[in-house]
Structure formats: C-alpha cells, structure tokens
Amino acid sequence: MKIFYLAHSVSLIDQVRKWQLMMEARYKIKFVNPFNNNPNEKLEELRDLKTKNATTRYLNKLSLKQCIDIMERDLMLIRKSDGVVSYFVKPTIGTAQEIIIAWKLYGLPVYIITDRYMNHPWLRAIVYESGGEMFRNRTEFKKFVKEEFGYRT
C-alpha cells in the first residue's frame with residue numbers, strides 16, 4: 001500500500017479530510033494529513049480558519065519554536081511517505097514548499113490536483129521532473145488511483 005503526504009490549504013481542512021477518508025476506505029492508498037497527524041496543531045482551532053484574517057491572526061500567535069516544530073514534523077512526514085499529493089485549489093506558501101521539498105530534496109513523486117494552475121510552468125516542471133502526474137480534479141485523481149493501486153479488498 002502506498003502512503004502519500006496530503007498537502008493542502010488549512011481553509012479546506014474539513015472538505016479534504018472527508019475526501020481523504022473516502023479514498024482510503026475504497027482504494028489501496030493511505031494519506032498522511034499534516035493537519036490530522038500533527039500533535040502541535042489544535043484541530044478545532046484550525047477548523048475556524050476559514051478567512052484570510054483568521055488565518056493571519058492564528059499565524060501571528062505562533063512562537064518561533066511552534067513554527068519550527070510544525071515545519072520539522074511536516075518534513076518528517078513527507079520524508080516517510082511514498083510521494084506527495086497536493087490539492088492545489090487554494091495554494092498556500094506551505095503547500096508550495098511541501099511539493100518543492102518532496103521533489104527536490106527527497107526525490108519523491110508529486111501529484112497535483114488543480115484546475116486553475118494546470119499550465120503553471122513551475123507545477124508542470126515539478127510534476128514532470130518528479131515522475132508524478134497532474135490532475136484537473138479529484139475525479140481524475142480517483143481514476144488514476146483506481147487504475148494504479150486498485151480497490152481495497
């Protein structure tokens with residue numbers, strides 16, 4: 001079974017988690033979701049970050065040690081994965097960093113789900129160079145997973 005680090009915006013935390021659980025129940029893949037696998041972050045606080053102002057206030061409250069802990073934990077989770085799946089619908093600095101590090105530092109395949117940024121040169125190059133793939137939506141990714149890894153038994 002393949003294990004993928006799931007990079008996405010905190011503003012999509014509930015939507016992505018619901019999709020993640022559905023994918024894991026049906027197919028032979030597992031996701032490591034940094035928002036659900038990081039003891040340094042309080043999930044309930046993160047669920048409230050639906051606006052840019054709320055996110056900014058939350059980030060401003062973090063100490064440098066908390067920032068480093070979050071970053072180091074995410075890097076460890078990426079390093080232990082078989083690749084990164086990025087739901088690049090509302091991209092953030094963290095999401096972009098995670099795909100670049102997975103590709104360039106750890107040599108992992110990067111799979112990007114995006115519609116708006118399909119033709120962005122950086123994303124196209126990273127996907128190509130990493131041996132990953134790009135998908136217009138989650139349905140295309142689901143089809144890829146079904147064909148590549150199959151259903152759970």
| query | side-chain contact (heavy atoms from CB on, under 4.5 Å) between Leu6 and Trp19: does it pass, once the steps are laid out? | reply | CA-CA 11 Å; Leu6 186 54; Trp19 175 76; 4.1 Å; yes
| query | Does the distance from a Lys or Arg side-chain N to an Asp or Glu carboxylate O, for Asp14 and Lys18, drop under 4.0 Å? | reply | no
| So, the side chain of Glu24 versus the backbone of Phe31: is there a donor-acceptor pair under 3.5 Å, distance only? | yes
| task | Any chance you could lay out the ring pair (Phe, Tyr, Trp, His ring centres under 6.0 Å) test for Trp103 and Tyr128, step after step, and finish with the verdict? | result | CA-CA 10 Å; Trp103 155 62; Tyr128 173 77; over 10 Å; no
| field | Centroid-centroid distance, Phe88 to His8, less than 6.0 Å | value | no
| query | What distance do Lys30 atom NZ and Asn33 atom CG have between them, rounded to the nearest 0.5 Å? | reply | 10.0 Å
| Can you find a pair of side-chain heavy atoms, one from Glu147 and one from Lys143, that are under 4.5 Å apart? | yes
| Side chain proximity check, Tyr5 to Asp74, heavy atoms < 4.5 angstrom | yes
| task | Measure the spacing between NZ of Lys142 and CD1 of Ile113 and express it to the nearest 0.5 Å. | result | 11.5 Å
| Sub-3.5 Å donor-acceptor pair from the side chain of Asp115 to the main-chain atoms of Arg136, do we have one? | no
| field | Distance in Å, Tyr27 OH paired with Phe149 CZ, rounded so as to fall on 0.5 Å steps | value | 12.5 Å
| said: I need the Met118 CE to Arg116 CZ distance, nearest 0.5 Å. | reply: 14.5 Å
| field | Contact summary for Asn137 and Glu140, nearest pair of heavy atoms | value | OD1-N, 2.8 Å
| Should Val89 and Thr114 count as side-chain neighbours, where that means a heavy-atom distance under 4.5 Å? | no
| said: Is there a side-chain contact between Val110 and Leu123 in this structure, where contact means two heavy atoms from C-beta onward sitting under 4.5 Å apart? | reply: no
| Going through the distances and angles, do Met1 and Arg152 end up as a side-chain contact (heavy atoms from CB on, under 4.5 Å)? | CA-CA 10 Å; Met1 179 173 308; Arg152 282 190 181 270; 3.2 Å; yes
| query | Between Phe144 and Tyr111, is the gap from one ring center to the other below 6.0 Å? | reply | yes
| said: Assess the residue pair Tyr87 and Phe141 against the criterion (ring pair (Phe, Tyr, Trp, His ring centres under 6.0 Å)); give the C-alpha distance rounded to whole Å, side-chain angles, the decisive distance to 0.1 Å, and a yes or no. | reply: CA-CA 10 Å; Tyr87 189 54; Phe141 179 76; 9.8 Å; no
| Counting N and O atoms only, with roles assigned by atom type, does the side chain of Glu72 sit under 3.5 Å from a partner on the main chain of Asp69, one being a donor and the other an acceptor? | no
| Phe4 CZ to Leu108 CG distance, which is reported to the nearest 0.5 Å | 10.0 Å
| note | For Ser9 and Lys90, the nearest pair of non-hydrogen atoms, with its separation, is CB-O, 3.1 Å
| query | Should Met22 and Leu12 be regarded as members of a common hydrophobic cluster, given that ILVMFWY residues are connected when their side-chain heavy atoms come within less than 4.5 Å of each other, either directly or indirectly? | reply | yes
| message | Could you tell me if the side chain of Lys146 sits less than 4.5 Å from the side chain of Tyr151, heavy atoms only? | response | yes
| message | Could you walk me through whether Ile99 and Ile112 satisfy the side-chain contact (heavy atoms from CB on, under 4.5 Å) test, starting with their C-alpha distance in whole Å, then the side-chain angles of each, then the deciding distance to 0.1 Å, before giving a yes or no? | response | CA-CA 9 Å; Ile99 65 174; Ile112 298 176; 3.9 Å; yes
| query | Distance-only, no hydrogens or angles: does the Ser130 side chain make a donor-acceptor pair with backbone N or O of Ile126 under 3.5 Å? | reply | yes
| task | Supply the atom-to-atom distance Ile78 CD1 to Leu105 CG, rounded to the nearest 0.5 angstrom. | result | 9.5 Å
